Enquirer: 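Take a look at the following structure, please.
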Amino acid sequence: MELKDVAVLITGGGSGLGEATARAMAAKGAKIGVIDQNKENAEKVAAEVKGIALHADVTSEEQIKVAIAKAEAAHGVARVLMNCAGIGGSQRIVGRDGVYPLEKFARIINVNLIGTFNCLRLFAERLVTIEPVGEERGVIINTASVAAYEGQIGQIAYSASKGGVVGLTLPAARDLASQKIRVNTIAPGLFFTPLLMGLNEEARKSLGAQVPHPSRLGDAKEYGALAVHIVENAMLNGETIRLDGAIRMAPR
Ligand SMILES: NC(=O)c1ccc[n+]([C@@H]2O[C@H](COP(=O)([O-])OP(=O)(O)OC[C@H]3O[C@@H](n4cnc5c(N)ncnc54)[C@H](O)[C@@H]3O)[C@@H](O)[C@H]2O)c1
């Protein structure tokens, strides 16, 4: 599918990988809806890409419905959904601070996995009501992580949430195939985003050195470029693509 004049929704579009995707897709002529719970960042990115800011929490049915309707009023029904919103959080199952709190585990699953599904289903609900363009109606791209495969110590909830995103990719693609909607997932390795900006130069270099080749942290632009390619390549469907410079994470 060509991105020119196509309405796109990007969750977590106010920062990092989502922000880079907003820029990459806007450069291709797409109309961008930036969905983020951080209002200020959503507005900043939306202004830069001449899109629309949509302040919403991906876990809320109500808020995402309103965001989709607002974006539709401005740009028409969206044909591309990019799920980038996500949170981290590290703790051992039983550690110095005691047992892993159930609410914390549930919160990470709720944002990363259930939030992804919430946006996917509500986006698809609207998209199936419009006609396809050629052989396609639209595209959904989710964001997992290499932690879906090699979760490190402390990543129990994060890995489980991202494993869930990998797991829903094929059934979602099969389910929506009759509607001509493709579903793919990107599993990034280590990318330089605000998540890692708190680290000093030395810590960043040491993380980057763990990547076999190229031996550095990923640039969010590289993530945006893959997202654009997935939209443009009609044969890519039901797949999770690792974007990681061949890194395989160690236990710690
Ligand atoms: N940066 C990396 O190295 C890396 C590696 C693997 C996977 N990922 C995944 O990529 C995605 C983007 O990460 P990033 O590095 O750009 O992080 P980031 O923190 O820069 O951006 C995440 C954005 O999501 C938004 N967000 C969080 N919870 C939300 C919610 N409930 N509703 C709406 N918006 C919400 C935040 O406000 C933020 O703008 C995440 O899912 C993350 O798990 C990142």
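Whatever order the structure lists them in is the order used to number ligands and atoms, beginning at 1. All values reported here derive from a predicted model rather than from experimental measurement.
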Enquirer: Which pair of non-hydrogen atoms, one from R242 and one from E150, has the smallest distance, and what is that distance?
Expert: NH1-OE2, 2.8 Å

Enquirer: Would you say the side chains of T143 and Y223 form a donor-acceptor pair under 3.5 Å?
Expert: yes

Enquirer: Just need the protein heavy atom nearest to atom 14 (P) of ligand 1, so name the residue and atom and give the distance.
Expert: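 Of the protein heavy atoms, T193 OG1, 3.8 Å lies nearest.
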
Enquirer: Could you tell me whether I156 atom CD1 has more than 12 heavy atoms of other residues or ligands within 6.0 Å of it?
Expert: no

Enquirer: Out of all atoms in ligand 1, which are within 4.0 Å of some heavy atom of T143? Include the element for each.
Expert: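 Near T143, the atoms of ligand 1 are 9 (C), 10 (O), 11 (C).
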
Enquirer: Just to confirm my output: which protein heavy-atom neighbour is closest to atom 3 (O) of ligand 1, and how far is it?
Expert: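 For atom 3 (O) of ligand 1, the nearest protein heavy atom is F191 N, 2.7 Å.
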
Enquirer: Looking only at non-hydrogen atoms, find the nearest pair between C119 and T11 and report the distance.
Expert: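 Result for this residue pair: SG-CG2, 3.8 Å.
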
Enquirer: Near E2 CD, under 6.0 Å, is it more than 12 heavy atoms from other residues, nucleotides or ligands?
Expert: no

Enquirer: Please report which non-hydrogen protein atom sits nearest to atom 42 (C) of ligand 1, along with the residue it belongs to and the distance in Å to one decimal place.
Expert: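 Protein heavy atom with the smallest distance to atom 42 (C) of ligand 1: Y158 OH, 3.6 Å.
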
Enquirer: Atom NE2 in H55, atom CD in Q63: separation rounded to 0.5 Å?
Expert: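 Interatomic distance, H55 NE2 to Q63 CD, rounded to 0.5 Å: 7.0 Å.
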
Enquirer: Evaluate whether atom CD of E232 has more than 12 neighbouring non-hydrogen atoms of other residues, nucleotides or ligands under 6.0 angstrom away.
Expert: yes

Enquirer: Would K162 count as a contact residue for ligand 1, given that I'm defining contact as a non-hydrogen atom of the residue lying under 4.0 Å from a ligand atom?
Expert: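 In this structure, K162 qualifies as a contact of ligand 1 - some heavy atom is under 4.0 Å.
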
Enquirer: Ring of Y100, cation from K104 - is the NZ or CZ under 6.0 Å from the centre and inside 45° of the axis?
Expert: yes

Enquirer: Is there a heavy atom in A56 that sits closer than 4.0 Å to ligand 1?
Expert: yes

Enquirer: If I compare all heavy atoms of L207 with all of L190, which pair ends up nearest, and what's the gap?
Expert: O-CD1, 3.7 Å

Enquirer: Output yes when the distance from some N or O of ligand 1 to some N or O of I35 is under 3.5 Å, and no in every other case.
Expert: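 I35 vs ligand 1: no N/O contact under 3.5 Å.
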
Enquirer: Need the ligand 1 atom indices (1-based, order shown) with element for anything under 4.0 Å from a heavy-atom of C84.
Expert: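 It comes down to these atoms of ligand 1: 11 (C), 12 (C), 40 (C), 41 (O).
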
Enquirer: Please state which part of F192 comes within less than 4.0 Å of ligand 1, counting heavy atoms only: side chain, backbone, both or neither.
Expert: neither

Enquirer: Does the N or O separation between T59 and ligand 1 drop below 3.5 Å for any pair?
Expert: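 No; the residue has no nitrogen or oxygen that sits under 3.5 Å from a nitrogen or oxygen of the ligand.
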
Enquirer: List ligand 1 atoms under 4.0 Å from G12, heavy atoms only on the residue side.
Expert: 23 (C), 24 (O), 25 (C)

Enquirer: Should you measure from each heavy atom of A85, which atoms of ligand 1 turn up under 4.0 Å away?
Expert: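 By the 4.0 Å cutoff, the relevant atoms are 24 (O), 26 (N), 34 (N), 35 (C), 41 (O).
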
Enquirer: Considering heavy atoms of the protein only, find what lies nearest to atom 19 (O) of ligand 1 and give residue, atom and distance to 0.1 Å.
Expert: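 Going atom by atom, the protein heavy atom closest to atom 19 (O) of ligand 1 ends up being L195 CG, 4.0 Å.
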
Enquirer: So, D36 and N41: side-chain donor and acceptor under 3.5 Å apart, yes or no?
Expert: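 There is no such pair (donor and acceptor under 3.5 Å, judged by atom type) between the side chains of D36 and N41.
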
Enquirer: Should G115 be listed as contacting ligand 1, given a heavy-atom distance under 4.0 Å as the test?
Expert: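 No, that is not the case, since the closest heavy atom of the residue is not under 4.0 Å from the ligand.
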
Enquirer: Contact between T11 and ligand 1, counting heavy atoms under 4.0 Å?
Expert: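 No, T11 has no heavy atoms under 4.0 Å from ligand 1.
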
Enquirer: Can you tell me if A144 contacts ligand 1 (heavy atom of the residue under 4.0 Å from the ligand)?
Expert: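 A144: in contact with ligand 1 (<4.0 Å).
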
Enquirer: Give the residue and atom name of whichever protein heavy atom lies nearest to atom 29 (C) of ligand 1, and the separation in Å to one decimal.
Expert: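 Looking only at protein heavy atoms, the one closest to atom 29 (C) of ligand 1 is Q37 CD, 3.5 Å.
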
Enquirer: Give me the atom names and distance for the closest heavy-atom approach of M249 to I247.
Expert: SD-CD1, 3.7 Å

Enquirer: As a check for students: among S145, G86, C119, identify the option with a heavy atom nearest to atom 27 (C) of ligand 1.
Expert: G86

Enquirer: Which protein non-hydrogen atom lies closest to atom 38 (C) of ligand 1, naming both residue and atom, and how far is it?
Expert: D36 OD2, 3.6 Å

Enquirer: If you round to the nearest 0.5 Å, how far is CG of N110 from CZ of F117?
Expert: 13.0 Å

Enquirer: Which atoms of ligand 1 are found less than 4.0 Å from any heavy atom of G16?
Expert: 16 (O), 20 (O)

Enquirer: In this structure, does ligand 1 have an atom that sits under 4.0 Å from one of the heavy atoms of L190?
Expert: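 A heavy atom of L190 does come that close to ligand 1.
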
Enquirer: If the test is side chain to side chain contact (heavy atoms under 4.5 Å, CB included), which one of N184, L81, T169, T116 qualifies with I140?
Expert: L81

Enquirer: Distance to 0.1 Å, residue and atom name: give those for the protein heavy atom nearest to atom 6 (C) of ligand 1.
Expert: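 The closest heavy atom on the protein side is P188 O, 3.4 Å.
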
Enquirer: For ligand 1, which atoms, with element, lie under 4.0 Å from some heavy atom of L17?
Expert: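 What qualifies from ligand 1 is 10 (O), 16 (O), 44 (C).
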
Enquirer: Does G189 come within less than 4.0 Å of ligand 1, judged by its heavy atoms?
Expert: yes

Enquirer: Evaluate the criterion side chain to side chain contact (heavy atoms under 4.5 Å, CB included) for residue pair V49 and R23; output intermediate values, then yes/no.
Expert: CA-CA 6 Å; V49 301; R23 292 215 178 88; 4.3 Å; yes

Enquirer: So between G218, S60, S15, P194, whose heavy atom ends up nearest atom 21 (O) of ligand 1?
Expert: S15

Enquirer: Does atom CZ of R174 have more than 12 heavy-atom neighbours, drawn from other residues, nucleotides or ligands, at distances under 6.0 Å?
Expert: no

Enquirer: Starting from atom 31 (N) of ligand 1, which protein heavy atom do you reach first, and at what distance in Å?
Expert: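 For atom 31 (N) of ligand 1, the nearest protein heavy atom is D57 OD1, 2.9 Å.
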
